[in-house]
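Okay, so here's the structure we're looking at.
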Amino acid sequence: MIRIVTDSTCDLPEELIARHAIHVVPIHIQFGTETFRDGQTIDKPTFYRRVEQEGALPTTSQPPPSDFAKVYQAISGPADEILSIHVTAKLSGTFNSAQLAAEALADRIKVYVFDSWAGSAGLGFMCLDAAQMAEAGKNAAEILKRLEQVRPQVNHLFTLANLKFAEMSGRVNKLQSVLASLLNIKPIVRVEGGLMEVADQVRTRKKAIERVISMARERVGDARVNLAVIHAQAPEEAAELLAQAREVLKVGDVFVHDLALSLAVHFGPGTLAVVTYPAE
């Protein structure tokens, strides 16, 4: 049997994780000397409240190899293989930790560690794809071939409500943040080849949402795609974004989900994202 392991940046709804028996290793979030596990030992209201009260962001770090080793050992039987699919190695050390754990257990457990070049729901869709292929009887080589083929086609577009969290996390300087606030500029961030880049900047939230949708349409055209809308404390705007995206995209499977805290550290509340994944 093929088992699927990922990390907590995957932004998958709990019901999908449970239905497909996907095992999630949490990213670590640290407030001062207190360490929490993303999605397990700290909830979203507590996270945002502490940031507001303390006026500082926590740090994040990849799970140590021992966290992965424990999961690999717990879920593997004599005939099992593990596909461990993770957030882009260009922005996180999580892939490397998983690889070290796989190498340490190589004489006992067969683990294939795969760099998604993604995060958030792009990573989540890869995990779902892999799990569904495994359930259909595909072997590890067939699944990895599919993931390699679709990896460059996964499309992530984020728009931030403001640059406060990006400033606090050191992604932009204070002057940039103040100017963006004064001019009501909403940056649009794209993940491309495993790296984040500012793809556009527009004024007003409405225009930012419209631009995110139009950029998604430019990227996928008439191709049928699975769609996720991800948000950080903005469920009503996420629902509206989904409705607008459905009007211009040829959509297959769909879900809406909260942004992982380990990603919200850098993007902040009010973040909205559209993620598309090839449906065929």
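For the pair L147/R151, no side-chain contact is recorded, criterion being any heavy-atom separation below 4.5 Å from C-beta on. Looking at D222 and R217, their side chains come closer than 4.5 Å, going by heavy atoms from C-beta outward. Counting heavy atoms from C-beta on, the side chains of Q30 and T59 come closer than 4.5 Å. For the pair L160 and V189, the minimum side-chain heavy-atom distance is below 4.5 Å. When side chains are defined from C-beta on, I4 does not count as touching H20, because their heavy atoms never get closer than 4.5 Å. Considering only heavy atoms from C-beta on, V202 stays 4.5 Å or farther from E210 through its side chain. Between V154 and T276, every side-chain heavy-atom pair lies at or beyond the 4.5 Å cut-off. Between I27 and P63, some side-chain heavy-atom pair lies under the 4.5 Å cut-off.
Across S262 and T9, no two heavy atoms sit closer than the pair OG-CG2, 3.6 Å. A pairwise comparison of heavy atoms in G268 and A232 identifies O-CB, 3.5 Å as the closest pair. Contact detail for V111 and A102: the closest heavy-atom pair is CB-CB, 3.7 Å. Residues N155 and L157 approach most closely at ND2-CD1, 3.8 Å, considering heavy atoms. Nearest heavy-atom pair across D67 and V25 is CB-CG1, 4.0 Å. Nearest approach of L144 to Y112, heavy atoms of both residues: CD1-CD2, 3.8 Å.
The structure places CD of Q40 at 12.0 Å from CG of L261, a figure rounded to the nearest 0.5 Å. In this structure, the separation between OG1 on T60 and CG on L263 is 8.5 Å, given to the nearest 0.5 Å. The CD1 atom of I213 sits 12.5 Å away from atom CZ of R246, with the distance rounded to the nearest 0.5 Å. Taking NZ of K110 as the reference point, atom OG of S76 lies at 13.5 Å (rounded to 0.5 Å).
A salt bridge between R219 and E192 is present, with a side-chain N of the basic residue lying under 4.0 Å from a carboxylate O of the acidic one. Salt-bridge formation is detected for the pair E218/R211: a Lys NZ or Arg NE/NH1/NH2 atom is positioned less than 4.0 Å from an Asp or Glu carboxylate oxygen.
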Q. Which is it for H28 and D38 under the side chain to side chain donor-acceptor pair (under 3.5 Å) test, yes or no, and what are the steps along the way?
A. CA-CA 6 Å; H28 291 195; D38 185 11; over 6 Å; no
Q: Report the C-alpha distance between F158 and H266 in whole Å, list the side-chain angles of each, state the deciding distance to 0.1 Å, and finish with yes or no for ring-ring contact (aromatic ring centres under 6.0 Å, His included).
A: CA-CA 12 Å; F158 296 80; H266 307 296; over 10 Å; no
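Note on ring orientation: taking the six-membered ring where Trp is involved, the planes of H257 and F255 are perpendicular (angle over 60°, cut-offs 30° and 60°).
Checked by atom type, the side-chain pair H231/E237 shows no donor-acceptor distance below 3.5 Å.
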Side-chain donor-acceptor pairs of residues 120-131 under 3.5 Å, sequence neighbours excluded:
| unit_1 | atom_1 | unit_2 | atom_2 | d |
| --- | --- | --- | --- | --- |
| S120 | OG | D11 | OD2 | 2.6 |
| D129 | OD2 | R146 | NE | 2.7 |
| D129 | OD2 | R146 | NH2 | 3.1 |
| D129 | OD2 | Y277 | OH | 2.7 |

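Residues M133 and M1 do not share a hydrophobic cluster, clusters being chains of Ile/Leu/Val/Met/Phe/Trp/Tyr side chains in contact below 4.5 Å.
The 12-atom threshold is not exceeded at NZ of K70, counting heavy atoms of other residues, nucleotides or ligands nearer than 6.0 Å.
Between the side chain of R3 and the backbone N or O of G77 there is no donor-acceptor pair closer than 3.5 Å.
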